[in-house]
2 protein chains.
Amino acid sequence: MSERELRRNLSILTIGTVRELTLLTDRQIRYYEQQNLITPGRGKGGQRRFSLNDVDQLLAIRDFLDSGDSIKDIQEIFAKQHRKAQEKQDSESALRRSLQKEFAQIGRFGAR
Amino acid sequence: MSERELRRNLSILTIGTVRELTLLTDRQIRYYEQQNLITPGRGKGGQRRFSLNDVDQLLAIRDFLDSGDSIKDIQEIFAKQHRKAQEKQDSESALRRSLQKEFAQIGRFGAR
DNA sequence: AATATGTGTCAGGAAACCTAACATGATATT
DNA sequence: AATATCATGTTAGGTTTCCTGACACATATT
């Protein structure tokens, strides 16, 4: 994962600011967590800590609900997205591996 | 100001996460605010809200103090930085203005 | 009509944050 | 050496935010 993605995944926001950033109520935010649409971290005392990605996710949820999708629909949408991201990552690491082999060959015969 | 700079200036962090991100105590953070080294916003109930820029600033303060600078030194350093940033912005907007004039001339005589 | 869904609301309690004040070790000034 | 300043620790009392769990309710689905 890139530096940038790591930063976007840092759990740094409390539910209060997330509420302000998303215009959702905390009831809604907690409910969506309960439905496994987001999985915020927890601070020492047990308080939720959200990442910027969580905020994006919540905004997406809001849009999906507004346009008539149900929570279950959104769960499937997210599951599909996750599978695609996984496939992409898999194919990229496969590519990396095959490139490594290729370079290893070059190294063996052609180097210096 | 760019979109990116705006985002970096959003007041979204509570003192708790800032404490974790900077490894400072809240006593220190509040003291530096009192010394006008940072000026976090305030939430509805009066609680401090920090931006990512504030965090950067606090990390810088920590480094300066570690290397022997006093708070007053840091105040002057920041004041100098601020002056420079201001000058830069001034000269840039002056440049923009003069370019605009130039294009206006071209427009007057050379266009279509 | 009965059930499921998504959200509102309330209660009681815990955690986080606030300000103000006093304490203290280290360094600077007199 | 005595005193003052600086940066931070600590404590106290009060306010705000967040927590979970429960019940209520309007709307959609069966």
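In the text below, chain A, chain B and the rest are named by the order of the sequence lines, each starting its count at 1.
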Self-check item: Within-4.5 Å side-chain heavy-atom neighbours: D54(A) and V18(A)
Solution: no

Side-chain polar contacts of residues 28-37 of chain B - donor-acceptor pairs under 3.5 angstrom, sequence neighbours left out - could you list them?
from	atom 1	to	atom 2	distance (Å)
Q28(B)	OE1	T25(B)	N	2.9
Q28(B)	OE1	T25(B)	OG1	3.3
E33(B)	OE1	R48(B)	NH1	2.4

Practice problem: Note the angle between the end axes of the helix from dA1(C)-dT30(D) to dT30(C)-dA1(D), five pairs defining each, rounded to 10 degrees. | Solution: 20°

Self-check item: Non-hydrogen side-chain atoms of R8(A) and E5(A) separated by less than 4.5 Å
Solution: no

Quiz item: Below 4.5 Å, heavy atoms only, C-beta onward: do V55(A) and L13(A) meet side chain to side chain?
Solution: yes

Exercise. Rounded to the nearest angstrom, tell me the gap between atom CD in Q35(A) and atom P in dG6(C).
Key: 7 Å

Quiz prompt | Electrostatic pair K72(B):E76(B) at N-O distance under 4.0 angstrom | solution = no

Quiz item: Just to confirm, is there a sub-4.0 Å distance from OP1 or OP2 of dT5(C) to any side-chain nitrogen or oxygen of Y31(A)?
Solution: no

Quiz item: Atom CG of L24(A) to atom P of dC18(D): distance rounded to whole Å?
Solution: 14 Å

Practice problem: Calculate the interatomic distance between Q75(B) atom CD and dC6(D) atom C1'; express it in whole Å. | Solution: 12 Å

Exercise. For I61(B) and dC6(D), give me the distance from atom CD1 to atom P, rounded to whole Å.
Key: 17 Å

Quiz item: Are K44(A) and E20(B) within salt-bridge range, i.e. N to O under 4.0 Å?
Solution: no

Quiz item: Taking atom C1' of dT7(C) as reference, at what distance in whole Å does atom CD of Q34(A) sit?
Solution: 12 Å

Exercise. Let me know the distance between NZ of K72(A) and P of dA4(C), rounded to the nearest Å.
Key: 10 Å

Quiz item: Is a side-chain N or O of D56(B) found less than 3.5 angstrom from the main chain of N53(B), in a donor-acceptor match?
Solution: no

Practice problem: Report, as a single string ordered 5' to 3', how protein heavy atoms within less than 4.0 Å touch nucleotides 8-24 of chain C: B base, S sugar-phosphate only, - not at all. | Solution: BB-----SSSSB-----

Quiz item: Hey, does I61(B) have a side-chain heavy atom less than 4.5 Å from the side chain of F78(B)?
Solution: yes

Practice problem: May I have the distance from E33(A) (atom CD) to dT7(C) (atom P), rounded to whole angstrom? | Solution: 15 Å

Quiz item: Does CZ in R42(B) sit with more than 12 non-hydrogen atoms of other residues, nucleotides or ligands closer than 6.0 Å?
Solution: yes

Quiz item: Starting at CG of L37(B) and ending at P of dC6(D), how long is that distance when rounded to a whole Å?
Solution: 13 Å

